[in-house]
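Take a look at the structure set out below.
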Amino acid sequence: MGRNEIRLRRNMMSTGRIARHRNYSELMRQHDRDTRLKRILRVFTYFLIVLFLLIILIIVIRWEAKQTEKSEKKSTSEVFRSPRSDFHTVR
């Protein structure tokens, strides 16, 4: 027997194989439902990832703004010299 004959015998239709194809429309409906669900889950997952990255970005921007505000307060010291005194006053 050649390889083609073995393949044909293996793929011959039996009563079990015919029974599996009887509800083809139901199988296709289920397949469409599954693919839709997978697509929705994928989109939802991407949405959550983007939302998480956006929240992290906002937190970092606010944190940097607070850090620059603190450094500006520390670095902006003014020195006043009173003509009447011999020491410096820092404000």
Side-chain angles (χ1 to χ4, degrees):
M1 262 195 226
R3 286 179 13 192
N4 291 335
E5 291 177 39
I6 294 172
R7 283 186 190 156
L8 288 175
R9 275 193 182 172
R10 193 180 316 150
N11 293 332
M12 286 179 63
M13 292 302 278
S14 64
T15 56
R17 287 182 63 106
I18 292 172
R20 274 197 305 188
H21 293 288
R22 281 189 188 143
N23 59 352
Y24 182 75
S25 61
E26 178 63 30
L27 289 174
M28 287 307 295
R29 261 187 268 139
Q30 185 177 356
H31 174 71
D32 291 339
R33 195 177 322 127
D34 290 345
T35 54
R36 248 186 279 129
L37 182 65
K38 285 180 183 178
R39 188 178 305 135
I40 289 170
L41 286 175
R42 189 179 307 133
V43 168
F44 184 68
T45 304
Y46 290 147
F47 173 74
L48 287 179
I49 290 171
V50 169
L51 184 66
F52 179 72
L53 292 175
L54 187 64
I55 289 172
I56 288 177
L57 179 68
I58 290 171
I59 290 171
V60 167
I61 289 173
R62 286 186 179 180
W63 183 70
E64 285 181 353
K66 286 182 182 180
Q67 293 297 324
T68 56
E69 185 179 299
K70 286 181 182 179
S71 66
E72 285 177 1
K73 285 182 180 179
K74 289 180 181 178
S75 64
T76 58
S77 60
E78 299 176 12
V79 177
F80 294 101
R81 185 169 193 161
S82 175
R84 291 179 258 151
S85 66
D86 291 335
F87 60 90
H88 299 287
T89 305
V90 177
R91 288 188 190 171

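Under a hydrophobic-cluster definition in which Ile, Leu, Val, Met, Phe, Trp and Tyr are linked whenever side-chain heavy atoms come within less than 4.5 Å, directly or via other members, Trp63 and Leu54 are assigned to different clusters. The hydrophobic cluster containing Ile49 does not contain Leu41, counting ILVMFWY residues as joined when their side-chain heavy atoms lie under 4.5 angstrom apart, directly or transitively.
Of the inter-residue distances, the one linking Arg42 atom CZ with Leu37 atom CG reads 11.0 Å to the nearest 0.5 angstrom. Atom CD1 of residue Ile56 and atom CG of residue Leu51 lie 10.5 Å apart, to the nearest 0.5 angstrom.
Here the options are Arg33, Lys38, His31, the test is side-chain contact (heavy atoms from CB on, under 4.5 Å), and the partner is Thr35; only His31 passes.
Checked for salt-bridge contact, Glu69 and Lys66 miss the test: no charged N lies under 4.0 Å from a carboxylate O.
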